There are 2 protein chains.
Amino acid sequence: MEDKRSDCEAINIDIVNKVKPNMPEMRVLYELSDFFKVMGDSTRIQLLWALEESEMCVGDLAVLLNMTKSAVSHQLKVLRVAKLVRSEKKGKNVYYALDDHHVKSILEKALEHIGE
Amino acid sequence: MEDKRSDCEAINIDIVNKVKPNMPEMRVLYELSDFFKVMGDSTRIQLLWALEESEMCVGDLAVLLNMTKSAVSHQLKVLRVAKLVRSEKKGKNVYYALDDHHVKSILEKALEHIGE
DNA sequence: TACATAGTTGAACAACTGTTCATTTGTGTT
DNA sequence: AACACAAATGAACAGTTGTTCAACTATGTA
């Protein structure tokens, strides 16, 4: 039996037992929360929002968000690792673009939630 | 003129100027990122997932997630403040239920994203 | 080749976050 | 009233996160 960390007994064992088998497996759980962690930063939301409209290079994104290139680059890396954006080098510049069609619809759903 | 924090000039001013007026206003921006921050924790995802299936009291949620009542209660408070769940006292127990119909569809969209 | 520019990187720092622990509040029971 | 139990709370702690700063790489140009 696995070690027990809860400091009490179930009050409605039937409900607990009904819900338990439908809980997400560990891997899915962490992929979900990691995804939302990435979305949970105002700088990264701005970057995604901007890239929804047009692909842009790091310097232009820095001007648009009024931040240093370094700060923007760090956050773009987080988005790139999460596979939400992709980058392409064109001469001296690196252009970033959205790499996931779910981002837009999730942002829209979140806006619906907020607008109530 | 507002103070400039970016450490460079725009490379494609036309693109920056086209995108700029469509950027989200500060209030919306923070509401969006705050919402995703709340979703960006594996404990809170588990709580929402469980409550999607059935309303439950704190003790049962603690047993289900194998955590202390205190830890669960702290996270339920975060969800309550974010208006994602509501609570109702029934005798000695406090039952929590989902209080937002967008959560389910956002979780589903996020699952689609992960499943690729 | 030498130089300026675009972007990346890693260390450092302060700010924030989640769990634990001890305590408190409130309800039902004896 | 005294007690047991469910839940909430606040302080404390370790772990994480975002920005800054300085250094570095890579590309285009004089």
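Letters A, B, ... mirror the listed sequences (proteins, then strands); counts begin at 1. Nothing here was measured: the structure is a model prediction, and the numbers come from that model.
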Colleague: Please confirm whether the shortest side-chain N or O distance from Thr43(B) to OP1 or OP2 of dT19(C) is below 4.0 Å.
Modeller: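 Looking at the OP1 and OP2 atoms of dT19(C), one of them is under 4.0 Å from a side-chain N or O of Thr43(B).
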Colleague: Rounding to a whole Å, what distance do you find between Lys37(A):NZ and dG18(C):P?
Modeller: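 Roughly 8 Å, once rounded to whole Å.
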Colleague: Of all the nucleotides listed (dT20(D), dT27(C), dT8(C)), which has the minimum atom distance to the side chain of Lys92(B)?
Modeller: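 Nearest listed nucleotide: dT27(C).
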Colleague: Nearest to the side chain of Val58(B), heavy atoms from C-beta on, is which of dA8(D), dG28(D), dG18(D)?
Modeller: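 Minimum distance to the Val58(B) side chain belongs to dA8(D).
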Colleague: In whole Å, I'd like the distance from the NZ atom of Lys69(A) to the P atom of dT9(C).
Modeller: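 One finds 15 Å between P of dT9(C) and NZ of Lys69(A), rounded.
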Colleague: Can His74(A) be said to stack with the base of dT9(C), given centres closer than 5.5 angstrom and planes under 30 degrees apart?
Modeller: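 Here His74(A) meets both the 5.5 Å and the 30° conditions.
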Colleague: Which one of Val78(A), Asp99(A), Val38(A) satisfies the side chain to side chain contact (heavy atoms under 4.5 Å, CB included) criterion with Leu84(A)?
Modeller: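 Single side chain to side chain contact (heavy atoms under 4.5 Å, CB included) partner of Leu84(A) among Val78(A), Asp99(A), Val38(A): Val38(A).
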Colleague: Check every strand shown and say whether Ile11(B) touches a base, only sugar-phosphate, or nothing at a heavy-atom separation below 4.0 Å.
Modeller: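 It contacts sugar-phosphate atoms only.
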Colleague: Leu61(B) has an atom CG; how far is it from atom P of dT19(C), in whole Å?
Modeller: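 From Leu61(B) CG to dT19(C) P: 14 Å.
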Colleague: Which is true for Tyr95(A) with a 4.0 Å heavy-atom rule: it touches a base, it touches only sugar-phosphate, or it touches nothing?
Modeller: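 Result for Tyr95(A) = nothing.
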Colleague: So do Arg5(B) and Thr68(A) actually touch side chain to side chain, heavy atoms under 4.5 Å?
Modeller: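 No, every pair of side-chain atoms sits at 4.5 Å or beyond.
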Colleague: Check the distance between dG18(C)'s P and Lys77(B)'s NZ and give it to me in whole angstrom.
Modeller: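 The distance from NZ of Lys77(B) to P of dG18(C) comes to 14 Å, rounded to the nearest Å.
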Colleague: To the nearest 0.5 Å, tell me how far Asp100(A) CG sits from Leu51(A) CG.
Modeller: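 That separation rounds to 12.5 Å.
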Colleague: If you draw a 6.0 Å radius around NZ in Lys109(B), do more than 12 non-hydrogen atoms from other residues or ligands fall strictly inside?
Modeller: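 At most 12 heavy atoms, drawn from other residues, nucleotides or ligands, come within 6.0 Å of this atom.
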Colleague: Any heavy-atom pair between the side chains of Ser6(A) and Val63(B) that's under 4.5 Å?
Modeller: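 SC-SC contact between Val63(B) and Ser6(A) confirmed.
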Colleague: With heavy atoms under 4.0 Å as the rule, sort Arg5(A) into base, sugar-phosphate or nothing.
Modeller: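 Contact class for Arg5(A): none.
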Colleague: At under 4.0 Å between heavy atoms, what does Ser70(A) touch on the DNA or RNA strands: base, sugar-phosphate, or nothing?
Modeller: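 The residue Ser70(A) makes base contact.
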Colleague: Quick one: Tyr96(B) OH to dA6(D) C1', roughly how many Å, whole number?
Modeller: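 These atoms are roughly 11 Å apart.
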Colleague: With under 30° as parallel and over 60° as perpendicular, where do the rings of Phe36(A) and Phe36(B) fit, or are they tilted in between?
Modeller: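 If you compare the ring of Phe36(A) with that of Phe36(B), the planes turn out parallel.
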Colleague: Consider the side chain of Met67(B), meaning its heavy atoms from C-beta on, and name the nucleotide among dA6(D), dT19(C), dG7(C) that approaches it most closely.
Modeller: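 Closest nucleotide to the Met67(B) side chain: dT19(C).
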Colleague: When you measure from the side-chain N and O atoms of Thr68(A) to the phosphate of dT20(D), is any distance below 4.0 Å, counting only OP1 and OP2?
Modeller: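 Affirmative; the distance criterion is met.
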Colleague: Whole-Å distance between dT9(C) C1' and Leu76(A) CG?
Modeller: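 These atoms are roughly 14 Å apart.
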Colleague: From the options dG7(C), dA7(D), dT27(C), select the nucleotide whose nearest atom is closest to the side chain of Cys57(A).
Modeller: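 In terms of side-chain proximity for Cys57(A), the closest of dG7(C), dA7(D), dT27(C) is dG7(C).
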Colleague: Taking for each residue the nucleotide of DNA chain D bearing the nearest heavy atom, is the 5' side occupied by Gly91(A) or by Glu9(A)?
Modeller: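 Per heavy-atom nearest nucleotide, the more 5' residue is Glu9(A).
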Colleague: Could you pick out which residue, Lys89(A) or Asp60(B), lies toward the 5' side of DNA chain D when each is mapped onto its nearest nucleotide?
Modeller: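 Closer to the 5' end of DNA chain D: Asp60(B).
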Colleague: Heavy atoms under 4.0 Å, any strand shown: does Cys8(B) hit a base, just sugar-phosphate, or nothing?
Modeller: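 Since no nucleic acid heavy atom lies under 4.0 Å of Cys8(B), the category is nothing.
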Colleague: Return the value, rounded to whole Å, for the distance between atom CG of Asp34(B) and atom C1' of dC16(C).
Modeller: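 Asp34(B) atom CG is separated from dC16(C) atom C1' by 13 Å.
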Colleague: I need the CG-P distance between Asn93(B) and dG28(C), as an integer number of Å.
Modeller: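 Rounding to the nearest Å, CG of Asn93(B) and P of dG28(C) are 10 Å apart.
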